[in-house]
Every structure is written in structure tokens, then in C-alpha cells.
Amino acid sequence: MSKALPSLLLAFFFLASAFPALAESTRVGNLVIETPWARASIGMSRPAAAYVTIRNEGQTADILTGIETTVSAMPEVHRMEIKDGVSTMGPVGPLEIPANGSVTLAPGGLHVMLMKLQQPLTKGGQFSMTLIFKNAGRVDVSVPIYSVGASGPEQ
Ligand SMILES: [Cu+2]
């Protein structure tokens with residue numbers, strides 16, 4: 001075992017914390033919050049959307065009960081679906097994260113709808129969002145903002 005390894009690890013963790021946009025997953029209890037991201041908003045009159053994957057490595061389900069962020073006065077988890085050829089969406093309420101499972105919020109399906117925007121979301125920026133879980137408690141994540149038409153992170 002090399003003596004250099006611990007210092008290499010330290011350097012890695014230092015770098016990871018120095019560049020929060022690269023530290024894409026946040027662990028709290030049994031949950032891992034992966035790759036949060038958002039689309040830039042079109043001004044402030046229309047809602048914006050944010051996406052994230054929540055992985056549960058525990059033996060019991062957890063529930064996402066709420067979301068808080070300073071950029072939106074009314075953040076809600078929505079589900080988009082096609083009904084009779086028409087795209088509809090609405091709030092899903094408390095969202096279960098199954099034991100040993102994961103839930104992905106992505107364009108075309110589940111998303112965090114950031115309603116009543118308090119500031120425009122500008123490409124290249126980021127904002128802080130707090131996910132509130134029944135068991136794991138509150139988790140703060142940093143959400144990078146990509147282009148208006150981004151279909152996934154890193155765009
Ligand atoms: Cu929505």
C-alpha cells in the first residue's frame with residue numbers, strides 16, 4: 001500500500017469541494033441525490049423546471065415531502081403524461097423513493113416545477129435547492145443551470 005494514497009485521496013476531496021458543480025452527488029443517510037440540474041428560464045413570467053435522480057440504498061422507503069428554494073415561491077413535484085394525445089401535468093404530492101430503488105426526475109416525466117420564479121434562471125449559473133425527506137430530513141443541493149432546450153445535464 002503506497003504512502004501517497006491518503007494524500008492523493010485528500011487532494012481529490014479538496015478538488016471535489018473546490019468545484020461544487022463537479023461534485024454531482026450528495027449523500028444523506030441512505031439517500032444519494034445525483035446530478036441535479038435545471039433548464040434556464042424564459043424570463044420570470046413562466047415556471048422553470050429542475051431535475052434530479054434520488055437513489056435509496058436503504059431497506060425502507062423514504063418520501064420526498066417538500067422542496068424549498070429561494071428562486072421559486074412555489075416549487076412542486078409534477079408528473080407530465082400524455083392523455084388522449086394531449087400532454088398534461090400536475091402535482092404528484094408526496095413522492096415515494098422505494099427501498100433499494102431510485103426515482104428519476106427528467107424531461108417528459110417527473111420534474112420539479114419552479115413556479116412563481118423570484119429570479120430568472122440564467123444559463124451557466126446555479127442555485128441552491130433543499131429536498132425535504134420524511135426519514136432522511138433536509139438535503140441541500142446545488143443545481144447548475146443549462147440551456148433552455150437542454151435535454152439532460154452537461155449541456
Ligand atoms: Cu410541471
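Values below: every heavy atom of this structure, side chains too, minus hydrogens, waters and symmetry copies.
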> Quick one: does Asp84's side chain have a donor or acceptor within less than 3.5 Å of a partner on Val86's backbone?
Replying inline: no
>> Using side chain to side chain donor-acceptor pair (under 3.5 Å), reason through Asp140 and Thr130 one step at a time and then give a plain yes or no.
In response: CA-CA 4 Å; Asp140 295 330; Thr130 304; 2.6 Å; yes
>> Once rounded to the nearest 0.5 Å, what's the spacing between atom CD1 of Ile97 and atom OG1 of Thr60?
In response: 12.0 Å
> Do Tyr146 and Pro153 touch side chain to side chain, with heavy atoms closer than 4.5 Å?
Replying inline: yes
>> Is a donor from one side chain sitting under 3.5 angstrom from an acceptor on the other, for Glu34 and Ser25?
In response: no
> So if you build clusters from Ile, Leu, Val, Met, Phe, Trp, Tyr with side-chain heavy-atom gaps below 4.5 Å, do Ile132 and Val52 land together?
Replying inline: no
> Between Thr26 and Val141, is there a donor-acceptor pair closer than 3.5 Å when you use the side chain of the first and the backbone of the second?
Replying inline: no
> So, for Ala61 and Asn56, which heavy atoms are closest and what is the spacing to 0.1 Å?
Replying inline: CA-ND2, 3.8 Å
> Is it the case that one hydrophobic cluster holds both Ile54 and Ile63, taking links as side-chain heavy atoms less than 4.5 Å apart, direct or via other members?
Replying inline: no
> Name the one of Ile67, Ile33, Val71 that satisfies side-chain contact (heavy atoms from CB on, under 4.5 Å) with Met129?
Replying inline: Ile67
> What closest approach, in Å, do Phe127 and Ala38 show between heavy atoms, and which atom pair accounts for it?
Replying inline: CE2-CB, 3.7 Å
Show me the donor-acceptor pairs, under 3.5 Å and distance only, between side chains in residues 101-122 and residues at least two apart or in other chains.
residue : atom : partner : partner atom : Å
Thr104  : OG1  : Thr53   : OG1          : 3.2
His111  : ND1  : Gly109  : O            : 2.9
Gln118  : NE2  : Lys116  : O            : 2.7

> Taking atom CG of Leu31 and atom CG of Asn135, what is their separation to the nearest 0.5 Å?
Replying inline: 8.0 Å
> Hey, does the side chain of Asp62 reach the backbone of Phe133 with a donor-acceptor pair shorter than 3.5 angstrom?
Replying inline: no
> Can you check whether Gln59's main-chain N or O pairs, donor with acceptor, with Asn100's side chain at less than 3.5 Å?
Replying inline: no
> Do Arg27 side-chain atoms and Val32 backbone N/O form a donor-acceptor pair below 3.5 Å?
Replying inline: no
>> Could you report the tightest heavy-atom contact between Gln126 and Ser142, atom names first, then the distance?
In response: OE1-OG, 2.5 Å
> Can you tell me how far CD of Glu76 sits from CE of Met89, rounded to the nearest 0.5 angstrom?
Replying inline: 10.5 Å
>> Closer than 3.5 angstrom, by distance alone: can the side chain of Ser41 be matched with the main-chain N or O of Ala48 as a donor-acceptor pair?
In response: no
> Closest heavy-atom contact between Ile145 and Arg39?
Replying inline: CG2-C, 4.0 Å
> Going through the distances and angles, do Met80 and His78 end up as a side chain to side chain contact (heavy atoms under 4.5 Å, CB included)?
Replying inline: CA-CA 7 Å; Met80 179 180 283; His78 279 188; over 6 Å; no
